[in-house]
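Accompanying notes for the structure given below.
Order of the sequence lines fixes the chain letters, A, B, ..., with proteins taken first and strands second; residue numbering starts at 1 for each chain.
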Amino acid sequence: MLDIDALTRLRDDFADSLGKVSTAADLQLLRDTVLGRKAGAITALYGTLGGLSTDRKREVGRALNELKAFVEAGLDARKTQLEAASAPMPSADLTLAPRPLPVGSRHPLNAMRERIERIFARMGYEILDGPETEDDWHNFEALNMPADHPARDTQDTLYLQQPFAQGTRATGDARSGVSLRPATLLRTHTSAMQIRYMERGAPPVRIIAPGRVYRRDNLDLTHTPMFQQVEALVVGEDVTMADLKGTLLGFAREFFDQRTPIMFKPSFFPYTEPSAEVFVGCQSCFGSGCSMCKRTGWIEIGGSGMVHPSVFEAVGIDPERYTGFAFGMGIERLALLAHRVDDIRAFYENDLRLLEQFAS
Amino acid sequence: MKILVSWLREYVEVPVGTDQLASDLMMRGFEVASIEPVPGRPDDAVIDFEITANRPDCLSVFGMAREVSVAYGTPLRMPDSAAPQDVAVGRVRPSPAPVLRVTVERADLCPVYCAAVMDVSIGPSPAWLAERLVLSGVRPINLIVDVTNYVLLELNQPLHAFDHATVGGAHLMVRTARDGEPLTTLDGQERTLSDDMLVIADQHRAQAVAGVMGGAETGITPTTSTIVIESACFEPAQVRRTRRRLGLSTEASYRFERGTDPSMPAVALRRAVALIADLGAGTARPGVIVVGDAARSARRVSLRWARIGRVLGMQVPADEVERILTALGFVLDGAESRHATSPVWEVTVPGWRGDVTREEDLIEEVARCAGYDRLPVTYPSMLAPPARVAPRLVRDARIRDLLVGAGFAECVTFTFIEQRAAAPFDPAPIAIANPLSELFAVLRPSVLPGLIDALSHNRRREQRDLRLFELGTRFTSAEGETRSLAVGWTGAAAAEHWSGSGRAVDVYDVIGLVQRVAAALHVRLDVEPTEHPALVSGRAGRVVRVDADGRRVPVGLVGDLAPTVAEARGLPTSDPIIVAEVDLDLAAPDYDPDRTVISQPLPRHPSVIRDLSIVVPADLPAARVRGTIHAAAPPTLVGVREFDRYQGTALPAGSVSLSLRLTFRATERTLTDGEVHAATDAIVAALVAEHGAALR
Ligand SMILES: [Zn+2]
């Protein structure tokens, strides 16, 4: 039965075969198959035109003509290609400079943050996202730092001139029904995100909160008024300080080296009790003492502790039933140590000569 | 807090050397800032400890001695002259009238006030005392002032000495200041007080800011013959507020605002009086004034042995718990439950440990003294299945990957910027009330200003080809906090090459990048002409998100950076600088990283291509030409793209030749020539009618 669909199939089959032809002999074979005087498929179709009505004959005939032209053009083009391919190509000096593709790079601070995120994501931690402008409640009060707390001095805060209705997209609170307060300050730590998380639901909690934080510190070798932190929080019915130690040891071994030791030193943070500073064995001298670790053999990487019961009370979690641990690390500090950069300001200059070293 | 080791040894036996001592105390929570030798005394040293805000009791030699005694189990010895004698704390004793009278109007802000009167002769301190002060970082002045400082360092009790002759009416009153009341403090500054500050006043006027600094008028002078020594306890928050209002921080205010021991004023006063007398510098008038009750504030906290194990994850034997807390000065009741499987103690907190208010504080004391190194290593059990990563974070990571893959270097710039750098993007940015400097005065309304500075930094360091981006938060009153992608590109789009194929970047490269970002965000972004203060006029684009219902929402900008903006940031304008910003939260509010693609069937029929060259007015946007074509064409027109644009002498002035490639395709059949001709004719007719186009 001769119809337009049959012609379409013939056209597709031909195009398919033409693509597979690689020699002049194959090409001749294909030409014979389609256009051959005796057995060519199209030739045969012309022979069946006679049996059609005048209208159909005109319609199919025109389609057949188009198909024949398409086939001939295809065969000719392929022939030219094959001839060109069989002619010798001029040789090329492959040692000449290539056309380079531009090389992009990840910023070392963000790359470091992502690396830490990946380690904790593997341990089953949820990664949080939250606002950088905060209200006093989430940044201080809920974290056991009421207005006259001396610890507020050590986190000298940058305040906003006017209360700022914060980006609700960033908090997820709008959807969960937690009332929004206007922001009055730039968060001094990412702990505020943890408060928001605990306000939204009951334990268990296993989260990390990465992001930019702000302190009223002047720029110098080791300080910038803005830096990045990763804080973690785990809450459950039987979470202990020994679990905190295990978690940090696991992190240190993953991040640095499988034999890296860690050490806890008692410290004070208003939002944890007991509190500990976290040290890892110096990666430069392996404990024997060098200038990097001020000859102690240990490098501080962050603060940690058991969540203060007042923090649980502030977010409506029963501190008798639940315990939890929290820790925080400065990303700049880890990046300075890892990349042997000696001036933190270099990370914020964005000098391409430094950035290019982090090509990815 | 600088601690002279030989001084420390007067109160406690130290069975180790200085380095070991420093290291052991460090492991108990007292960070060591430095260890300095003492000239001429090889066995001695000054250890400078950093004392955390919760341990004001250790801002003293005696306080550190207590920690040493717990660390080594060696006994603690109080200085002899500080030992209880004739003064019973907690009773108001008859004052040595008419020598001095004390009235405390605000017992809530001054729970304890003690005073003694002495006849003295003013002279220098003996060498040993002066040396101890110097090594502790305090400048010797005269024996009276030096003794007050000595006792401060020894017992963490600030003392103040008044010249008795200058105290009007021989009457000291602890009261709030009158609003606007003047006072010249010891540092010579004239200060204006307010009625929320606490002062020590005489009959006439304020003579000292309570807990902060004394007044110049009543200060000790070389001719002073009778002194009043004040030893008191002031409410911490009150001192802190006053100190901040006056911008005046002193050794005294530092200690009071962290909390002092209410039982210490009487002890320290006795110690100071005895020292002055022993050093032959004065004689005390009989009687000591004590106003207030130190004992009423004693706090009791319950401690459950089982809870220690639950919080720490390790068992500390009950007798060890008792030994640690007792050595620290806590008093433990509950001995009857001592041998129970799980003892519970009622713990009385000593006055110097104002930081201990609940069970966890005691658990920390136990853990700290037992040693954190004893904590076992365990891992928290998995409590719930891991949560899904926030879609916004996945989105940001993918966009960053895309830009890095396109050859861009990622930047991180400060979130706060200069007001004038922000101005072209937002005339009223969110301002910081207490910025470090004008350079950090406002929150960035756009990520571009920081990126422009990064371009400038590199361009001035011989880097011509720059592709930079930053993805970060911007802050606007209209949208709040949103995450935004900024891109800056200058120099080559294709690098110079021996084959001669180099090319400088232009705005179409960056629009192409914006479209690539749109594809990654699964949205449609269009660029429409606009004017923007940061972009070259006539070369400025607004990026809009086009929704399925045709709604167009502005989400960013793209164009050539205005030379005025570039020059203001020191960025050379010899090469074009193309910038773009796309607010990702606005562009893709419903981004779904796990979106399931529903596939479309592949076309079964060949497409037909027709090229069309028309002459139209040069200022006619190509988007309108495409719009006219689509409106006039049947649905078989599936694509329109400009492939050549020519402007020259062969054409009438103000017109341009545009070559367009039209692609037609039907899903269910092969199009005929006639159909395509008819469609093309209709398109041409519409172009002629709508835009006066001429076919070339
Ligand atoms: Zn080292």
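Counting all heavy atoms, side chain and backbone alike, A:Met226 lies closest to B:Thr413 at CE-O, 3.6 Å. B:Trp498 and A:Ala97 get closest at one heavy-atom pair: NE1-O, 2.7 Å. Residue B:Asp361 comes nearest to A:His308 through the heavy atom pair OD1-NE2, 4.3 Å, listed as atom of the first residue, atom of the second, then distance. The minimum heavy-atom distance linking A:Ser267 with B:Glu364 is given by the pair O-OE2, 3.7 Å. When every heavy atom of B:Arg358 is checked against every heavy atom of A:Ser310, the shortest pair comes out as NH1-OG, 3.3 Å. Between A:Thr240 and B:Thr378, the shortest heavy-atom contact is OG1-OG1, 4.0 Å.
For the set B:Asn54, B:Thr52, B:Thr672, the count of heavy-atom pairs under 4.5 angstrom toward chain A peaks at B:Asn54. Note: B:Leu443 leads B:Thr670, B:Leu443, B:Val389 in heavy-atom pairs under 4.5 Å with chain A. Note: A:Pro102 leads A:Ala359, A:Pro102, A:Ala15 in heavy-atom pairs under 4.5 Å with chain B. Of all the listed residues (A:Leu128, A:Asp12, A:Asp238, A:Asn218), the one sharing the greatest number of non-hydrogen pairs under 4.5 Å with chain B is A:Asn218. For the set A:Arg11, A:Met306, A:Lys245, the entry with the most heavy-atom pairs within less than 4.5 Å of chain B is A:Lys245. Residue with the most contacts toward chain A among B:Ile432, B:Asp401, B:Val377: B:Ile432 (heavy-atom pairs, distance under 4.5 Å). Across A:Pro203, A:Pro98, A:Ser360, A:Gly236, the residue that shares the most heavy-atom pairs under 4.5 angstrom with chain B is A:Pro98. Interface remark: of the candidates B:Gly371, B:Ala390, B:Pro376, B:Ala492, B:Pro376 forms the most heavy-atom pairs closer than 4.5 Å to chain A. When the candidates B:Ser477, B:Ala431, B:Gly309, B:Ala454 are compared by the number of heavy-atom contacts under 4.5 Å with chain A, B:Ala431 comes out ahead. Counting heavy-atom pairs under 4.5 Å between each of A:Leu101, A:Leu249, A:Val239, A:Leu96 and chain B puts A:Leu96 at the top. The residue among A:Val235, A:Leu109, A:Leu160, A:Ile127 with the most heavy atom pairs within less than 4.5 Å of chain B is A:Leu160.
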Quiz item: Should A:Glu132 and B:Arg444 be marked as a salt bridge (Lys or Arg N to Asp or Glu O under 4.0 Å) after you check the CA-CA gap, both sets of side-chain angles, and the distance that decides it?
Solution: CA-CA 12 Å; A:Glu132 294 173 42; B:Arg444 58 182 182 189; over 6 Å; no
Practice problem: Could you go through the side-chain contact (heavy atoms from CB on, under 4.5 Å) check for A:Glu273 and B:Ile363 one step at a time? | Solution: CA-CA 8 Å; A:Glu273 192 83 29; B:Ile363 295 174; over 6 Å; no
Quiz item: Can B:Tyr372 and A:Met241 be said to form a side-chain contact (heavy atoms from CB on, under 4.5 Å), step by step?
Solution: CA-CA 9 Å; B:Tyr372 283 175; A:Met241 199 164 180; 3.7 Å; yes
Practice problem: Apply side-chain contact (heavy atoms from CB on, under 4.5 Å) to the pair B:Arg28 and A:Lys265, showing each step before the final yes or no. | Solution: CA-CA 7 Å; B:Arg28 286 168 177 268; A:Lys265 206 160 81 179; over 6 Å; no
Quiz item: Is there a salt bridge (Lys or Arg N to Asp or Glu O under 4.0 Å) between B:Arg310 and A:Glu237 once you walk through the steps?
Solution: CA-CA 10 Å; B:Arg310 234 195 109 196; A:Glu237 289 190 358; over 6 Å; no
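With sequence neighbours excluded, no residue forms a side-chain hydrogen bond (donor to acceptor under 3.5 Å, both in side chains) with A:Arg118.
For the atom pair CE of B:Met26 and CD of A:Glu277, the computed distance is 10.0 Å after rounding to the nearest 0.5 Å. For the atom pair CG (B:Asn434) and OH (A:Tyr159), the distance works out to 7.5 Å, reported to the nearest 0.5 Å. Taken from CG in A:Asp217 to CG in B:Leu436, the straight-line distance is 7.5 Å, to the nearest 0.5 Å.
You'll find the side chain of A:Phe264 reaches within 4.5 Å of the side chain of B:Leu375, heavy atoms only. At a threshold of 4.5 Å between non-hydrogen side-chain atoms, the residues A:Pro274 and B:Leu312 count as touching. Residues A:Pro309 and B:Glu359 are not in side-chain contact: their nearest non-hydrogen atoms beyond the backbone lie 4.5 Å or more apart. You'll find the side chain of A:Leu158 stays beyond 4.5 Å of the side chain of B:Phe440, heavy atoms only. Two residues are said to be in side-chain contact when any heavy atoms from C-beta on lie closer than 4.5 Å; B:Pro380 and A:Thr247 meet this criterion. Annotation: side chain of B:Glu470 is not in contact with side chain of A:His107 (no heavy-atom distance under 4.5 Å). Residues B:Thr415 and A:Arg212 form a side-chain contact, since some pair of their non-hydrogen atoms from C-beta on lies under 4.5 Å apart.
Here A:Arg353 does not pair with B:Glu462 in a salt bridge; the nearest charged N to carboxylate O distance is not below 4.0 Å. A salt bridge links A:Asp129 with B:Arg483: the closest approach of a Lys/Arg side-chain nitrogen to an acidic carboxylate oxygen falls below 4.0 angstrom. Using a cutoff of 4.0 Å between basic side-chain nitrogens and carboxylate oxygens, B:Arg461 and A:Glu349 are not scored as salt-bridged.
If you measure heavy-atom distances from A:Thr224 to chain B, the contacts under 4.5 Å come from the side chain alone. With a 4.5 angstrom heavy-atom cutoff, A:Glu114 touches chain B only via side-chain atoms. With a 4.5 angstrom heavy-atom cutoff, A:Arg9 does not touch chain B via any of its atoms. Of the two parts of A:Arg99, the backbone and the side chain both hold a non-hydrogen atom closer than 4.5 Å to a non-hydrogen atom of chain B. Contact of A:Pro146 with chain B is not made at all, since no heavy-atom distance falls under 4.5 Å. Of the two parts of A:Asn110, the backbone and the side chain both hold a non-hydrogen atom closer than 4.5 Å to a non-hydrogen atom of chain B. For A:Leu186, the part sitting under 4.5 Å from any heavy atom of chain B is the side chain, from C-beta outward, and nothing else. Interface residue A:Leu352: backbone and side-chain heavy atoms are both found under 4.5 Å from chain B. Residue contact with chain B, scored on non-hydrogen atoms closer than 4.5 Å, involves the side chain of A:Val234 exclusively. Interface remark: A:Leu219 contributes side-chain atoms only to the contact with chain B (heavy atom separation under 4.5 Å). Of the two parts of A:Leu355, only the side chain, counted from C-beta on, holds a non-hydrogen atom closer than 4.5 Å to a non-hydrogen atom of chain B. Residue A:Pro100 touches chain B through its side chain alone, counting heavy-atom pairs closer than 4.5 Å. With a 4.5 Å cut-off on non-hydrogen atoms, B:Asp465 touches chain A through its backbone but not through its side chain. Within the 4.5 angstrom heavy-atom criterion, no atom of A:Phe70 approaches chain B. For chain B, the nearby parts of A:Arg106 are the backbone and the side chain; heavy atoms of each come within less than 4.5 Å.
Checked against B:Phe414 for a ring pair (Phe, Tyr, Trp, His ring centres under 6.0 Å), the options A:Phe347, A:Tyr214, A:Tyr348, A:Phe227 give a single hit: A:Tyr348.
Between B:Glu481 and A:Thr133, the side chains place a donor N or O and an acceptor N or O closer than 3.5 Å (distance only, hydrogens not considered). No side-chain donor from either of A:Asn350 and B:His457 sits under 3.5 Å from a side-chain acceptor of the other.
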